[in-house]
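Sequence lines set the chain letters: A, B, ... in the order given, protein chains first and strands last, and positions in each chain run from 1. On a predicted model such as this, the values are computed, not experimentally measured, just so you know.
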Amino acid sequence: MTIPLPPAQGPFTGNDPSGPETGAYEEDERGLSLWRGAWRRLRRNPTAIVGALIVLAFVVVAIIAPWLTPYEPGSTQWSGEVSPTSVPGPSPDHLLGLDRFGSDLYTQMLFGARQSLVYGVVSTALGLSVGTLLGVLAGGLGGWVDTVIMRAVDIMLSIPSLLLAVSIAAVLGQNAYSIMIAIGVAQVPIFARLLRGSMLSQNKGDYVLAATALGIRRRRIIIGHVLPNSVGPTIVQATLNLATAIIEVAALSFLGLGESDPAVAEWGRMLVAAQDRFEAAPRLALLPGFAIAVTALGFTLLGEAMREALDPRTRR
Amino acid sequence: MATTAVLAGAALLLSSCAESERGNGGEEGTEGEAGGGTFVFAGAAEPELLDPAFASDGETFRVARQIFEGLVGTEPGTADPAPLLAKEWTVSEDGLTYDFTLETGVKFHDGTDFNAEAVCFNFDRWYNFPEGVQSDDFAYYYGKLFRGFAEGPKAGEGIYESCTTDGDDKVQIQLNSPFAGFVAALSLPALSMQSPTALQEYQDDAASNVNTTDYSTKHPTGTGPFKFESWERGNQVTLSRNDDYWGEVAKVDTVRVVAIEDAKARATAVQQGEVDGADLIGPADLQPLEDAGMQIMAREPFTVLYLGMNQKTKPLNDIKVRQAIAHAIDKEEVAAASLPEGSEIAINFMPQSVTGWTDDVTTYDYDPEKAKRLLQEAGADGTTLEFNYPTDVSRPYMPSPADTFNVLRSQLEAVGLKIKPVADVWSPDYLDKVTGSADHGLHLLGWTGDYNDSDNFVGVFFGTQTDEFGFDNKELFDKLAQARGIPTVEEQTPLYEEINQDVAEFVPAVPIAHPAPSLAFGPDVTGYQTSPVNDEVWSSVTVGD
Amino acid sequence: MTVTSEFLDSSAAPAGVHQGRGNLNGDGTLLSVRDLAVTFGVRGQREARAVDEVSFDIRPGEHIGLVGESGSGKSVTSLAIMGLLPDRGVKTSGEVRYDNENLLTWSSRRMSSLRGRDIAMVFQDPMTSLNPVVPIGTQVTEILRRHFELSKGDALARAGELLQKVGIPDPKRRLKEYPHQLSGGMRQRMLIAMALACEPRLLIADEPTTALDVTIQAQILELLKELVADTGAALLMITHDLGVVAGLCDKVNVMYSGRIVESATRRVLFGNPRHPYTGGLLESVPRLDSPRGAPLTPIPGSPTNVLPWTHGCAFAPRCRNAVDDCRRVTPALRPDGDRELRCHNPLSDDLPDDQRTDA
Amino acid sequence: MLRFVLRRLALLVPVLVGLSILLFAWVRALPGDPARALLGQRATPEGIARVNELYGFNEPVLQQYLLYVKALLNGDFGRSIQTGQPVLESFFEKFPATVELGMSALLLAIVVGVPLGYYAARHQGRFIDTAIVSGSLLGVVTPVFFLAILLKLVFAQWLGWLPTSFRQDARIDATHITNFYVLDGLMTQEWDAAWNAMVHLALPAIALGTIPLAIIVRITRASVAEVMHEDYVRTAESKGLSPAVISRRHILRNALLPVTTTIGLQAGLLFAGAVLTETVFAFNGVGQYLFSAISQRDYPVLQGYILFIALIYALINLAVDVGYGIIDPRVRVS
Amino acid sequence: MRDPVTAQSAEPVATPQDDDVLVSVRGLKVHFPIKGGAILARTTGHVYAVDGVDLEIRRGTTLGLVGESGCGKSTLGRAILRLSPVTEGSVWIDGVDVATLQGEELRRQRQNMQMVFQDPLASLNPRQSIETILTEPLRAHGIAFDARTKVRELLDKVGLPASAARKYPHEFSGGQRQRIGIARAIAMEPAFVIADEPVSALDVSIQAQVLNLLEELQDELGLTYLVIAHDLAVVRHVSDEVAVMYLGGIVEQAPSDDLYSEPLHPYTKALMSAVPVPDPVVEENRERILLTGDLPSPSNPPAGCRFHTRCPFRQETRCDTERPELRELRPGHRVACHWAEEIEAGTITPRAGAVTGGGGDEAGSLSFDQRG
């Protein structure tokens with residue numbers, strides 16, 4: 001929330017006795033680092049709380065899925081009860097009914113969370129680590145390394161990311177790894193460019209000049225000064241990318257490039273499989289669709305809140 | 001099957017309705033006896049080109065059947081040959097000489113007369129195809145049926161000898177070795193009659209890519225009830241009524257063929273009235289469409305769906321395991337769960353109407369206990385089998401592969417096998433894997449017959465050693481080669497029956513069903529005549545009320 | 001309405017400028033601020049009183065200074081007078097009397113027709129105070145066209161004259177240019193030209209030279225002085241720089257933490273500061289004219305080390321003169337001889353008697 | 001400005017060359033044989049060998065690449081393996097569809113998004129703002145394909161208001177000159193054809209436009225909220241200008257600068273969304289064709305199309321930067 | 001990167017052996033290339049940020065460098081510390097020509113030369129605690145120390161409590177941050193410290209604290225300062241000697257008192273007359289020399305005397321053609337003006353209209369008196 005105040009003359013600096021500065025001389029407590037400050041702001045932000053609750057629920061469900069259902073995921077043992085025109089709805093045995101393959105929809109939904117979490121986290125972690133590495137190399141070393149890396153990044157960015165992911169998935173074949181790699185690789189240029197950009201802008205900061213003036217080694221400046229101050233946006237982006245990754249996994253599944261087993265609980269695949277049972281059982285499509293959206297919403301809210309918390313402009 | 005009969009009856013009923021409702025006129029109110037209007041039909045893909053001589057795909061043939069006619073057609077609703085441009089024909093004793101008497105007064109759309117000379121022009125054109133188009137991706141059917149060309153790598157292997165005219169309406173085709181399916185084969189659109197004038201003017205058989213010649217894209221010229229109007233690539237093919245048609249003139253003014261890849265989308269398009277009819281409706285969509293007042297038709301099945309087994313892999317090389325798998329499958333359930341109504345349960349690898357079909361074969365009844373026992377005997381219980389199936393495809397014999405796979409999987413797992421699903425995109429990944437490599441275990445595949453010929457089924461499947469099945473059974477291969485060479489259908493029959501029995505014993509695959517491809521039409525469409533071999537000409541169709 | 005052209009023709013008598021444009025308040029003041037208080041409230045946080053108990057008068061043609069450090073509330077005061085504080089989260093009380101009416105009660109529509117015409121403002125940062133994507137000509141003409149019914153051409157011609165007046169060479173060309181094509185000094189001249197375009201009765205200048213270099217600052221101050229004298233407008237000068245007010249203002253109000261702590265004519269104030277804060281400021285700033293080596297006496301602590309006024313004197317934590325009362329009793333602004341003072345223990349009065357006008 | 005454009009175009013060259021190499025390698029790394037895709041279920045080994053020979057796929061890759069580049073320089077992008085149609089020709093047949101779809105989506109996003117974002121910013125913290133912000137968040141996180149399915153279900157299947165597939169009703173006899181169907185309809189004065197094309201655009205455009213819409217709402221809101229507190233807005237207020245002038249000239253004109261950049265970025269990203277949207281709505285455009293080319297291993301089409309898309313993507317970004325220079329005088333001089 | 005056009009003073013300067021002089025700058029130039037070109041980036045011009053500067057600072061004294069923004073004073077400061085690339089010239093600090101040092105040698109040398117920055121918040125890494133900030137340079141130079149004592153001692157020196165060690169920069173007020181910046185600069189006990197606008201970002205009431213602190217530390221540690229500022233009063237207050245900079249060059253340099261009592265360069269005169277003094281009496285009676293126009297662009301400096309475009313004393317000859325050398329007019333008082341003597345003697349007077357005030361605004365005073 002932006003507070004409408006005349007710039008540079010905020011009235012709070014003068015009159016708020018609880019301001020952080022008054023105590024600076026007296027109390028011997030541990031200082032409030034930027035990370036802790038951001039964490040504090042995050043905890044007070046309702047957006048962050050909603051986001052975190054969604055994410056938490058999602059993660060918990062993903063982890064304890066096996067204990068929430070008596071059935072095995074992907075078990076098609078009730079396939080006999082399903083026909084092209086009828087899919088049994090909710091019943092005491094099957095809280096959400098069966099899906100078109102005769103699996104328990106409730107179980108599939110739970111394990112879908114697990115799939116999405118694994119796909120999202122692994123692919124984002126891949127994109128993040130490779131992208132960060134490239135970004136640090138480009139932003140830190142500069143010169144021809146920077147040029148080469150950034151040209152490569154430009155090339156990758158010249159193809160829309162979903163298309164890139166589709167292409168990579170097509171090369172690697174239909175399996176879980178190829179999806180994770182495809183989506184991870186498609187994220188690499190985003191992180192590389194982001195980190196490099198923020199490192200370059202941090203490089204211009206006075207404190208970097210100060211560190212140089214102090215005779216601190218270049219490598220140490222990059223790792224100890226520039227990088228820690230540059231990772232904020234990257235962390236935010238990673239959180240937001242988790243949302244994108246979960247959606248893109250579903251999109252790849254939707255395009256038929258996903259996990260190959262039709263009974264595997266993957267929300268995107270469930271959605272595409274449900275399409276031709278739409279009249280008979282709309283819930284088969286609606287539930288996974290909403291699950292994707294809500295999960296993505298959770299990560300997005302959290303990311304936005306983190307962005308706000310880490311933004312130096314919102315610091316008091 | 002009872003349902004089939006009912007549906008076939010319905011189709012007939014529809015066509016008779018058409019008679020009575022004729023003349024009520026479409027929205028455009030064109031003059032003449034025809035009903036007028038536009039008939040929009042959705043296939044699953046767009047045609048590859050419009051010269052059927054170079055085509056082998058159903059979508060090209062669908063359009064070609066409206067524009068072109070062959071010497072021979074089919075009896076309505078069956079796969080049996082019937083006179084078309086040829087009024088009658090005779091075959092010599094040795095099966096090498098065929099005499100055709102032609103319809104007279106027939107003209108191609110460009111005004112060229114259809115006569116004996118035109119017939120010979122077509123036969124000679126096929127025979128003299130340059131080497132560039134002799135490959136499977138172009139003159140597939142001619143190459144397969146006549147086995148060779150005038151020149152090129154297969155020069156001299158051809159069975160075509162000559163074509164001679166006798167006046168305008170008599171033509172004699174001479175073969176150099178007998179071919180029992182010759183007349184039936186002439187009903188294939190690939191062998192339909194095309195205008196010599198147009199071909200000479202617009203077609204270049206020696207072009208580096210015959211798909212894009214003027215003839216193949218803009219000037220296909222035949223004798224059929226519809227004339228080519230335009231082809232907007234990726235969009236639609238438009239045909240208009242041939243008012244000078246030699247037979248009964250078509251009822252609608254215009255016909256448009258559009259492509260909707262997704263089965264679900266085709267069904268929706270029919271329901272929304274965006275198209276008047278659509279082919280290959282998925283089993284799941286049939287009931288909703290019917291409920292919405294749409295008409296559903298099923299072709300008499302001329303297909304076969306089977307569960308293939310790769311004998312290159314263990315333990316599928318063990319016949320006991322293959323038998324066990326055959327016993328483990330409840331074909332009725334598979335059909336109920338994943339195939340359209342009207343599908344028949346299969347015991348042979350060919351539909352009942354094809355020569356050589358017999359019920360005197362080993363049938364592996366659904367018997368999970370026996371299956372378990374057999375597996376135990378083979379020491380294969382609990383083995384993990386790779387099961388390949390395609391995604392994102394609907395074929396006439398396999399409208400919903402994922403569903404079919406799913407039922408089969410639970411049945412196989414029920415007898416103690418473990419299934420490892422491997423799904424691939426149909427083309428080329430799946431085909432590559434299943435028919436082009438040994439890297440597969442169980443798989444789903446099938447066939448749609450092109451015309452009434454036994455070799456077109458079993459011969460294709462089991463005639464040689466293939467990557468698909470991975471077995472080498474010389475006896476079987478020889479029998480099939482021998483059967484193919486027999487000049488008359490009557491003589492072929494017992495041999496094919498024997499072959500079917502042998503195959504059933506050997507279990508290289510489990511025939512599951514003969515799925516009935518379903519079509520759907522809007523409530524105001526009448527007169528659509530289904531054909532098991534897709535020989536559906538839309539001259540009797542009317543739209544609107 | 002006809003446009004008065006006296007501003008453009010400096011030979012005309014300044015007295016005639018504001019004829020027919022509102023009256024003075026009953027007490028002869030142009031603008032009278034009484035007990036102005038501004039409170040900022042943000043959801044989830046305690047309300048913060050940025051300005052409190054602020055009162056001062058501005059008479060026609062008078063130059064009033066408002067001096068204080070950042071956070072002292074001087075800018076908030078000016079924005080409150082202009083009605084430019086946001087509606088939400090801000091509570092304003094007290095009175096800003098103009099034309100015998102309280103501006104604080106005016107509707108925003110009425111205020112907007114007053115702004116720019118009767119009361120105009122020049123802001124601190126000329127770099128950010130001009131719209132970067134609108135040509136200079138438009139930015140000058142829009143105020144003219146808003147307040148006078150002028151055609152586009154007339155407004156443009158007049159804008160050209162205005163630019164000339166504030167010393168911008170080649171005004172025709174400049175009018176087509178954008179702010180970034182001007183130097184800082186030029187931009188401030190632009191802002192002054194805009195502020196004086198409608199010949200307001202009061203000009204509020206909020207740190208108009210802080211962002212400028214010292215030679216440019218001198219130019220701008222000179223220009224302001226000149227133009228304000230020409231148009232006969234009153235001037236409210238807001239600054240942290242005591243030097244600026246010393247040469248410019250008739251009367252100076254020193255603010256600390258939202259309240260006026262000392263108020264006097266400039267000679268009195270600079271000659272004999274009595275509030276420890278005023279005195280401290282003067283002693284802590286190096287002066288060009290003082291002998292070198294004269295030690296600086298800094299004010300300890302920082303402007304953020306303050307007490308809330310409700311608990312005593314806000315300056316007490318930094319004050320050398322602080323007595324016990326300062327931390328307990330809130331001092332009031334009381335007349336103290338030739339000035340008004342808010343202090344329990346002011347600095348000694350060490351001026352010779354002849355310069356004093358004791359009450 | 002011209003220098004800037006030239007420089008940017010020059011910088012594009014290495015990217016495109018790099019991309020063409022990458023594409024060439026990648027396309028050939030795709031498993032599966034294009035010949036198989038062409039010949040289908042009945043392919044024989046001889047047939048496959050013959051097709052591969054025909055298209056030169058059994059030459060060394062480097063040689064293939066050189067031949068490809070040589071042809072490219074002659075303006076020959078090759079022919080589709082599947083249809084035999086020249087790549088360039090098919091691209092220009094399908095491109096109008098995608099452009100039409102993308103433009104409608106973008107237009108929708110701008111026309112609805114900017115006012116909504118502005119309105120929200122001006123009513124910050126109120127209920128309506130919260131509603132708009134929440135709505136835009138939902139818009140961002142709802143997968144395109146899910147939204148497309150939902151729209152199809154509700155508006156086409158349940159309500160029956162709008163068509164589900166194609167660009168135009170097949171029953172309409174429309175003349176197609178430019179392949180922009182709406183434009184064609186207007187040009188030929190076939191009003192019903194134009195209207196029909198627009199009706200067909202409705203659902204795909206909404207599905208495709210929702211994410212850009214949501215993003216534009218958010219950017220506009222943030223940007224307006226920031227600009228509202230700029231010094232020059234305060235200056236404008238101190239000049240007594242009317243709220244309308246302040247909004248239009250001083251707030252919006254500045255606030256729209258970042259929005260422009262966003263619009264440009266989104267325009268580029270629409271290609272990705274178009275693959276999904278066109279698939280769901282059987283909308284015969286570049287996206288759908290490209291996707292089928294991937295599954296069919298249609299090398300020439302893949303190479304050509306992706307190069308084109310990258311080029312267009314880059315040109316859009318360049319256009320945005322140039323446009324930015326036109327509306328932001330600060331950029332103009334440098 | 002040496003600019004061939006301006007490389008006339010490239011002859012080696014003898015190592016200054018005067019032990020009294022700690023810092024000696026000779027012919028220092030810093031030219032930044034301007035990149036342009038339609039397709040390939042090439043240099044289309046230069047910004048002559050620092051264009052031939054000679055300076056000497058004696059041990060334990062303070063040199064004040066004053067000038068308006070854009071005159072190159074900060075660049076000069078940074079170039080001396082090798083934080084900006086040096087185009088040409090030498091910088092001898094404590095007997096070492098740092099302008100020629102590279103890599104590790106240069107890094108080592110930094111122990112001896114330090115900097116205090118203008119913006120105390122921006123120059124402190126926001127993610128480091130004060131303790132880390134203060135000890136990091138010691139570690140970097142491998143200086144053994146006891147962290148607790150050292151930090152406590154440094155904080156004590158700059159007047160901050162020991163409890164500050166574990167806090168972070170944003171938790172302090174501006175003045176306190178600047179104290180931290182100073183503590184960091186003296187942590188390695190350098191001989192030479194450059195303070196670049198050390199107080200201009202601070203509130204007026206705080207400035208004196210920091211200025212006093214700098215003086216105390218100089219006395220205590222024998223530091224040598226180069227204080228860069230735009231505020232003449234501040235510079236005068238802290239400096240033993242003052243150099244006035246205009247558009248990349250020094251125009252006048254003299255002991256502090258001399259400069260302020262008798263400015264010789266027209267620019268210095270104008271600058272000093274422009275500074276407002278918080279004393280109404282002084283203000284009312286001052287003569288003010290007003291300069292016209294703005295600072296010319298350093299990428300295209302005027303020919304001849306760089307100040308001639310704005311100089312109220314400008315003469316017909318020499319000013320626009322010949323660049324004046326810095327010459328010693330009096331002992332220790334150097335000025336770069338062709339006409340300095342004549343101006344001082346009063347034979348050259350400023351242009352009409354350039355001087356205002358003097359005698360005060362009588363009308364204003366009058367009305368004030370009436371009202372009072």
Side-chain angles (χ1 to χ4, degrees), chain A residues 8-9 13-14 16 18-41 147 201-232 235 310-316, chain E residues 77-78 81-84 103-104 106-134 136-141 159-174 176 181 184-185 187-188 190 193-194 196 203:
Chain A
Q9 310 231 330
T13 40
D16 187 356
S18 69
E21 309 204 3
T22 13
Y25 280 109
E26 291 84 21
E27 301 154 44
D28 188 1
E29 59 164 29
R30 202 172 167 75
L32 186 66
S33 79
L34 285 189
W35 295 120
R36 283 181 56 205
W39 171 236
R40 214 180 249 196
R41 279 189 294 277
T147 310
S201 76
Q202 291 295 329
N203 249 332
K204 294 193 188 110
D206 267 2
Y207 72 90
V208 174
L209 195 67
T212 312
L214 288 165
I216 292 163
R217 285 182 184 85
R218 182 75 192 138
R219 200 183 336 146
R220 164 83 196 143
I221 292 179
I222 292 169
I223 294 168
H225 293 251
V226 178
L227 197 56
N229 281 294
S230 309
V231 292
I235 293 171
L310 286 170
D311 187 343
R313 278 179 300 180
T314 60
R315 239 180 255 154
R316 306 207 288 110
Chain E
R78 289 178 184 194
L81 292 191
R82 290 294 304 280
L83 296 172
S84 269
E104 185 64 14
L106 175 63
R107 195 183 73 77
R108 289 262 150 226
Q109 190 60 30
R110 294 198 183 282
Q111 277 185 64
N112 210 26
M113 46 187 205
Q114 276 307 309
M115 186 146 177
V116 175
F117 292 85
Q118 170 175 7
D119 183 346
L121 184 58
S123 63
L124 298 173
N125 184 344
R127 299 195 187 274
Q128 288 184 331
S129 70
I130 305 308
E131 178 167 342
T132 318
I133 288 175
L134 294 180
E136 193 187 22
L138 297 169
R139 287 204 187 89
H141 289 281
L160 288 175
S163 64
R166 299 177 76 183
K167 293 180 184 297
Y168 291 83
H170 63 100
E171 296 176 87
F172 295 90
S173 68
Q176 292 168 333
R184 176 176 63 178
M188 290 179 297
V193 172
I194 293 184
D196 187 0
D203 265 315

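Chain A forms more heavy-atom pairs under 4.5 Å with one residue of E:Arg108, E:Arg184, E:Gln118, E:Gln111 than with any other, namely E:Arg184.
In this structure, no portion of E:Leu81 lies under 4.5 Å from any heavy atom of chain A. For chain A, the nearby part of E:Met113 is the backbone; its heavy atoms alone come within less than 4.5 Å. There is no contact between E:Arg139 and chain A, counting heavy-atom distances below 4.5 Å. For a residue to count as touching a neighbouring chain, one of its non-hydrogen atoms must lie under 4.5 Å from one of that chain's; by this rule E:Glu104 touches chain A with the side chain only.
Annotation: salt bridge (Lys or Arg N to Asp or Glu O under 4.0 Å) contacts of E:Arg82 (sequence neighbours excluded): none. With sequence neighbours left out, the side chain to side chain contact (heavy atoms under 4.5 Å, CB included) criterion links E:Thr132 to E:Gln128, E:Ser129.
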Donor-acceptor list for residues 206-213 of chain A side chains, cut-off 3.5 Å, not counting sequence neighbours:
| residue | atom | partner | partner atom | Å |
| --- | --- | --- | --- | --- |
| A:Tyr207 | OH | A:Gln202 | OE1 | 2.6 |
| A:Tyr207 | OH | A:Asn229 | ND2 | 3.1 |
| A:Thr212 | OG1 | A:Val208 | O | 2.8 |

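Contacts between residues 214-221 of chain A and chain E, defined by a heavy-atom separation under 4.5 Å, are made by A:Leu214, A:Gly215, A:Ile216, A:Arg217, A:Arg220.
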